[in-house]
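Any value given below was found using the heavy atoms of this structure, including those in side chains, with hydrogens, waters and symmetry copies removed. Note that this is a predicted model, so its numbers are computed, not measured. Below, chain A is the first sequence line, B the second, and so on; all start at residue 1.
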2 protein chains.
Amino acid sequence: MICVNKPEKNVYNENMAVEKKPALINLHQLKVSCSQCNLSELCFPHGMNPDDMEKLDTVVEQRKPLHKSDHLFREGDVAAGVYAVRSGSVKTIVESPNGDEQIVGFHLPGELVGLDGFMDGKHTCTAIALETTSVCAMPLEKLEVLCTKLPSLHNQMRRIMGKEVNDEHKMLLMLGKMSAEEKVATFLLSVSRRMEERHWKSSEFVLSMPRQDIANYLGLAVETVSRLFAHYQADDVIQVDRRRVSILNMQRLKEIVGECKGAEASAVKS
Amino acid sequence: MICVNKPEKNVYNENMAVEKKPALINLHQLKVSCSQCNLSELCFPHGMNPDDMEKLDTVVEQRKPLHKSDHLFREGDVAAGVYAVRSGSVKTIVESPNGDEQIVGFHLPGELVGLDGFMDGKHTCTAIALETTSVCAMPLEKLEVLCTKLPSLHNQMRRIMGKEVNDEHKMLLMLGKMSAEEKVATFLLSVSRRMEERHWKSSEFVLSMPRQDIANYLGLAVETVSRLFAHYQADDVIQVDRRRVSILNMQRLKEIVGECKGAEASAVKS
DNA sequence: CGTTTGATTGACCCCACTCAAACGTGGTGG
DNA sequence: CCACCACGTTTGAGTGGGGTCAATCAAACG
């Protein structure tokens, strides 16, 4: 059986390249397999036994790769399924009645998108590819049927939804209570932690989203994000070159998030 | 059978009174019944058929009433069940590593609390009574067992979780993109709408939470909330006396939320 | 009636937004 | 190959929204 995941670094490489052309082989023509995917520990099947994972393989479909700015689904769409990012990255946004939009999440390989629609059948947010991105799709009906047969899958769904709620709570805390400095530091640490989860360098990475999207996500102006990146660079906390970020002083970043009152004097003296 | 819900206005009265003593009869000694509860249309059983609702009655337990500031559960607690507010009101909060907290929701009679813990077994937020409050508890194990038997209940769980996710998305939008004026107007409209859902006066109500909690919830300072209440009162949009609020110009409030750029000049001229 | 808690109001100031301009960088076409 | 344009990013200057601090006031409570 052909498995696109065998070469263990490929998906990461595709993710890291800011604007790389699609792979030579046509991913969406290949059968995919959770049980042989190197992202399985992060993704849907995390913690499931091999038998159940093989059953999960029967419901997972590979989708045609998305290009940058392509929509995976839109707010209001009937929810066709849950998606796992395979390579690339995705942002999810919600729109306000008066037009402007709030980014509610960035999703890296192994992370799930579309859980919002799993619940009441319609998506409450819009998902857009930040770069060339491929996803695995798990159609709702098949997933539901399988859920009734596999208790482990049922638990898995619950665990995953729990993480979703937890993440949104953290984000409410960030938007409601944090200063701009804390927000940017939190964002960098969040990306770093998730890079580490993927066994990718945690202190040197390429952001797949423009400053505008980071600012939107954090509830800030673009200029503020740009300035704070510059400040942190001047203080040797990070090094930035366009979208490439290196974290030089992880401890300092954590101090800024943990207790900004005490740390900001030394962290940012402007 | 004795049913505390028969007198249709009682729970509302208890809710509306800011600091009223518990009812003369001891609520927690009585058997409760979803099928005969006048909140059923708003609460868990919404849309379920009478047969299924009666089965739901078997898992619902009445709890001893909570006093003001009592904890229903704390972050980190093992999730014992899902709770429906019966009378009174509850706030849910999340805590940041450095100590300060963000209120993530206010819950009125008929609304559910504890869904965050339904997912991965542990609560990710803390629930505190804002006033004397009674809740119905649905223990997790019983609920799960019943879910496997009743497809309608299973769908219900999903619908309810969907609402939860949707609500949090709206809140992210509010905290991330709205001005103080828009936030306060949104808050007032939200309370008004929920009062109407409960067939209670939608333009004249008593807030069960102090200014401090409103400010925290909206990501503002207490003084800002107080000032905006005063501004809106000066413009005859609302009338406030401590916690009692009357909405005089609902249309204006909606304009402020919908398109603050065009409306703020006439709505608030400072 | 003093105390406490919550709400209001005013004065002041700072963080972060807005406006504006300059600066790469990458893509396109001549 | 270079000139050109478009886009994202950076940087500076100025400002205003909302936070902070502090005093006052009102209601509830012992």
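- By the 4.0 Å N-to-carboxylate-O rule, A/E95 lies too far from A/R74 to be salt-bridged with it.
- Rounded to an integer number of Å, the gap from B/R244 CZ to C/dG6 C1' is 18 Å.
- With hydrogens and angles left out, the side-chain atoms of A/Q102 and A/S96 include no donor and acceptor closer than 3.5 Å.
- Across the strands present, D/dC25 finds its partner in C/dG6; the criterion is a Watson-Crick or G-U wobble pair with both atom distances under 3.5 angstrom.
- Checked by atom type and distance alone, the side chain of A/D77 never pairs as donor or acceptor with a backbone atom of A/H123 at under 3.5 Å.
- Rounded to whole angstrom, the span from the CD atom of A/Q233 across to the P atom of D/dT9 amounts to 15 Å.
- Between the P atom of D/dT10 and the OH atom of A/Y232 lies a distance of 15 Å, rounded to the nearest Å.
- A side-chain donor from one of B/T92 and B/H107 sits under 3.5 Å from a side-chain acceptor of the other.
- Between D/dG8 and A/R243, no contact under 4.0 Å exists linking OP1 or OP2 to a side-chain N or O.
- In terms of phosphate contacts, A/R242 brings no side-chain nitrogen or oxygen within less than 4.0 Å of OP1 or OP2 of C/dG24.
- Whole-Å rounding puts the A/L130 CG to D/dG8 C1' distance at 15 Å.
- For NZ of A/K163, the number of neighbouring non-hydrogen atoms (other residues, nucleotides, ligands) closer than 6.0 Å is 12 at most.
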Exercise. If a protein heavy atom is under 4.0 Å from the base, mark B; if only from the sugar-phosphate, S; if neither, -; do that for nucleotides 11-21 of chain D going 5' to 3'.
Key: BBB----SSBB
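- Position along DNA chain C of the nearest nucleotide to B/F229 versus A/D241 favours B/F229 as the more 5'-ward residue.
- Atom NZ of A/K68 is separated from atom C1' of C/dG27 by 12 Å (rounded to the nearest Å).
- Taking atom CD on A/Q212 and atom P on C/dT18, their separation rounds to 10 Å, with Å as the unit.
- A tilted orientation is assigned to the rings of A/Y217 and A/F106, their planes being inclined by 30° to 60°.
- For the pair B/R211 CZ and D/dA26 P, the interatomic distance rounds to 15 Å; values are reported in whole Å.
- A side-chain donor-acceptor contact under 3.5 Å links A/T186 to the backbone of A/E182.
- Put simply, CG on A/L207 is 15 Å from P on D/dG8, counting in whole angstrom units.
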